[in-house]
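This report refers to the structure that appears directly beneath it.
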Amino acid sequence: MKASGFHYARPSSVEEACALLAEYGGDARILAGGQSMFATLNLRLSAPALLIDINRIESLKGIVVAEDGSYVRIGALVRHAETAASIEVARHLPLIAMAMRHVAHPAVRNRGTTCGSLALADPSAEMPACAVTLDALLILQSRDGGVRQVPAVDYFFGLYETARRDDEMLVEVLYPSCLEDEVCGFDELSRRHGDFAMVGVAARASFNEGVISNLRLTTFATDPRPILSEAAAALAEGQAWSEALGEAVAEAAVAELNPDENHFGSPAVKRLQARAMIRRVLSSTFNVPRQPAATIGVTHG
Ligand SMILES: Cc1cc2nc3c(=O)[nH]c(=O)nc-3n(C[C@H](O)[C@H](O)[C@H](O)COP(=O)(O)OP(=O)(O)OC[C@H]3O[C@@H](n4cnc5c(N)ncnc54)[C@H](O)[C@@H]3O)c2cc1C
């Protein structure tokens with residue numbers, strides 16, 4: 001099948017792109033890497049009147065570390081491959097570096113954008129779960145509303161549903177940098193390496209002298225959006241790591257999931273998989289001796 005007819009625009013600024021989004025109401029779509037967009041167009045799951053190709057907007061390019069090192073900015077045109085290869089990402093955002101190893105295959109990573117993944121909000125995708133775990137800020141811009149910042153925990157509503165309005169584009173995402181005393185872990189179960197996850201887990205916590213605090217544990221691909229576990233954080237706060245704690249945290253986090261039945265299995269199977277995956281990620285996060293940040297991404301996961 002081929003896509004329905006559409007108009008095509010290639011603006012050179014974010015303002016121009018936002019003006020087009022406003023003009024077309026809900027009938028225009030941003031085109032970034034096209035890796036998800038062209039499949040939905042060709043299958044006629046989507047038939048927008050206008051595609052707004054943002055690939056020539058210079059200001060959307062680049063990974064930038066704040067002068068004081070406190071956060072990393074990833075622009076809307078940064079491809080997965082660039083994120084995966086970035087030394088700054090490995091150094092300041094080891095969780096993203098770990099997760100990137102699971103995102104798609106080289107051909108998709110060469111064009112698909114890290115922000116496109118956040119904009120699309122596929123529940124089985126790695127980047128939304130990492131954004132929630134890292135407490136990222138998504139920067140949205142529109143002609144009429146200007147710029148607004150939305151914390152990742154408030155951004156993902158459900159299956160392909162987010163806080164982004166039709167007239168807004170995602171211009172960048174800001175990730176707080178990993179602190180000296182922080183550890184993180186990531187793993188997922190998928191049919192083949194690089195496929196979307198069947199169940200995945202991302203974790204980040206402070207870990208001082210063997211004591212855990214501020215645990216952020218996110219399970220994804222089970223529910224229509226990434227689920228950050230409040231019970232896990234409460235159980236782990238101030239505790240020393242042990243496999244028994246991992247077991248208790250996994251049980252509490254799984255109780256907060258509400259998995260759908262789909263071709264990957266029943267809710268009961270997904271709960272079992274999630275429980276095993278949470279234990280595994282916690283164990284690798286808290287049992288592994290601290291690595292220099294730049295190498296964590298290749299030793300975990
Ligand atoms: C075979 C295959 C395997 C894949 N496997 C994985 C995987 O394992 N894990 C994973 O996470 N992803 C996977 N993907 C998806 C891939 O990561 C996509 O690149 C990503 O989901 C979308 O990024 P994109 O830049 O290609 O966006 P596009 O396809 O251009 O756009 C996707 C959607 O997001 C919107 N959009 C994009 N950018 C913006 C923006 N800046 N502002 C507002 N809206 C925007 C578009 O309008 C569109 O609705 C896979 C894709 C394919 C084809």
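Read the numbers this way: they start at 1 and go in the same order the structure lists the ligands and their atoms.
Gln35 O, 3.5 Å is the protein heavy atom nearest to atom 53 (C) of ligand 1. Of all protein heavy atoms, the one lying nearest to atom 24 (P) of ligand 1 is Gly33 N, 3.5 Å. Taking atom 17 (O) of ligand 1 as the reference point, the nearest protein heavy-atom neighbour is His80 NE2, 2.8 Å. If you check which protein heavy atom lies closest to atom 12 (N) of ligand 1, you get Phe196 CE2, 3.2 Å. Nearest protein neighbour of atom 48 (C) of ligand 1, counting heavy atoms only, is Met37 CE, 3.7 Å. The nearest heavy-atom contact from the protein to atom 7 (C) of ligand 1 is Ala104 N, 3.3 Å. Taking atom 37 (C) of ligand 1 as the reference point, the nearest protein heavy-atom neighbour is Gly116 CA, 3.7 Å. Scanning the protein heavy atoms around atom 19 (O) of ligand 1, the nearest turns out to be Gly112 CA, 3.1 Å.
Any N or O atom pair closer than 3.5 Å counts here, and Ala76 shares no such pair with ligand 1. Looking at Glu168 next to ligand 1, no N or O pair under 3.5 Å apart turns up. Checked against a 3.5 angstrom limit, the closest N/O atoms of Val103 and ligand 1 fall outside it. The N/O atoms of Gly194, backbone and side chain alike, include one that comes under 3.5 Å of an N/O atom in ligand 1.
Atom numbering of ligand 1 starts at 1 in the shown order; those under 4.0 Å from a heavy atom of Met169 are 42 (N), 43 (C). Which parts of ligand 1 touch Thr113 is read off a 4.0 Å heavy-atom cut-off, strictly below it: atoms 19 (O), 23 (O), 24 (P), 25 (O). Of all the atoms in ligand 1, the ones that sit under 4.0 Å from a non-hydrogen atom of Ala125 are 10 (C), 11 (O). Applying the 4.0 Å criterion to heavy atoms of Asp195 picks out, from ligand 1, the atoms 8 (O). Per-residue contacts place Ala32 under 4.0 angstrom from the following atoms of ligand 1 (heavy atoms of the residue considered): 25 (O), 30 (O), 37 (C), 38 (N). Listed by number with element, the atoms of ligand 1 under 4.0 Å from a non-hydrogen atom of His102 are 8 (O).
Phe156 and Phe220 have their aromatic ring centers separated by at least 6.0 angstrom. Side-chain rings of Phe186 and His102 approach one another, their centers coming within less than 6.0 Å.
Grouped with Tyr24 in one hydrophobic cluster are Val14, Leu20, Leu21, Ile30, Leu50, Ile52, Ile54, Ile57, Leu60, Tyr71, Leu77, Leu137, Ile139, Val147, Met169, Val171, Leu174, the linkage being side-chain heavy-atom contacts under 4.5 Å among Ile, Leu, Val, Met, Phe, Trp and Tyr residues.
Under a 4.0 angstrom heavy-atom cut-off, Cys115 registers as lying outside contact with ligand 1. Contact analysis leaves Arg109 out of contact with ligand 1, as no non-hydrogen atom separation drops below 4.0 angstrom.
A 6.0 Å sphere centred on CD of Glu256 holds more than 12 heavy atoms belonging to other residues, nucleotides or ligands. Summarising the local packing, NE2 of His7 is surrounded by 12 or fewer heavy atoms from other residues, nucleotides or ligands at distances under 6.0 Å. By the neighbour-count criterion of 12 heavy atoms within 6.0 Å, atom CD of Glu237 is densely surrounded, having more than that number from other residues, nucleotides or ligands. By the neighbour-count criterion of 12 heavy atoms within 6.0 Å, atom CZ of Arg44 is densely surrounded, having more than that number from other residues, nucleotides or ligands.
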Would Glu168 and Arg148 count as a salt bridge (charged side-chain N to carboxylate O under 4.0 Å, His left out) if you check the C-alpha gap in whole Å, the side-chain angles of each, and the deciding distance to 0.1 Å?
CA-CA 10 Å; Glu168 286 178 316; Arg148 69 183 178 118; 2.6 Å; yes
Kindly indicate, with the supporting measurements, whether the criterion salt bridge (charged side-chain N to carboxylate O under 4.0 Å, His left out) is fulfilled by Lys61 and Glu58.
CA-CA 6 Å; Lys61 293 182 179 166; Glu58 283 297 318; 3.0 Å; yes
Let me see the working for Asp187 and Arg280 under salt bridge (charged side-chain N to carboxylate O under 4.0 Å, His left out), right down to the final yes or no.
CA-CA 8 Å; Asp187 208 347; Arg280 186 160 148 183; 3.1 Å; yes
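Using modelled atom types, one finds a donor on one side chain and an acceptor on the other under 3.5 Å when comparing Ser70 with Asp68.
Contact check for Glu243 versus Arg279: no side-chain heavy atoms found under the 4.5 Å cut-off. Ser177 places a side-chain heavy atom less than 4.5 Å from the side chain of Val72.
Using a cutoff of 4.0 Å between basic side-chain nitrogens and carboxylate oxygens, Arg143 and Glu15 are not scored as salt-bridged. Between Lys270 and Glu261 no salt bridge is recorded (no basic side-chain N to carboxylate O distance below 4.0 Å).
The heavy atom nearest to atom 42 (N) of ligand 1, considering only Ile54, Val171, Leu170, is found in Leu170. Ranked by closest heavy atom to atom 1 (C) of ligand 1, the top entry among Val108, Leu60, Thr114, Leu138 is Val108. For the residues Ile30, Val14, Leu120, the heavy atom positioned nearest atom 46 (C) of ligand 1 is part of Ile30.
Counting heavy atoms under 4.0 Å from ligand 1, residue Ser36 touches it through both backbone and side chain. Contacts with ligand 1 closer than 4.0 Å are made by side-chain heavy atoms of Arg164 only, the backbone lying farther away.
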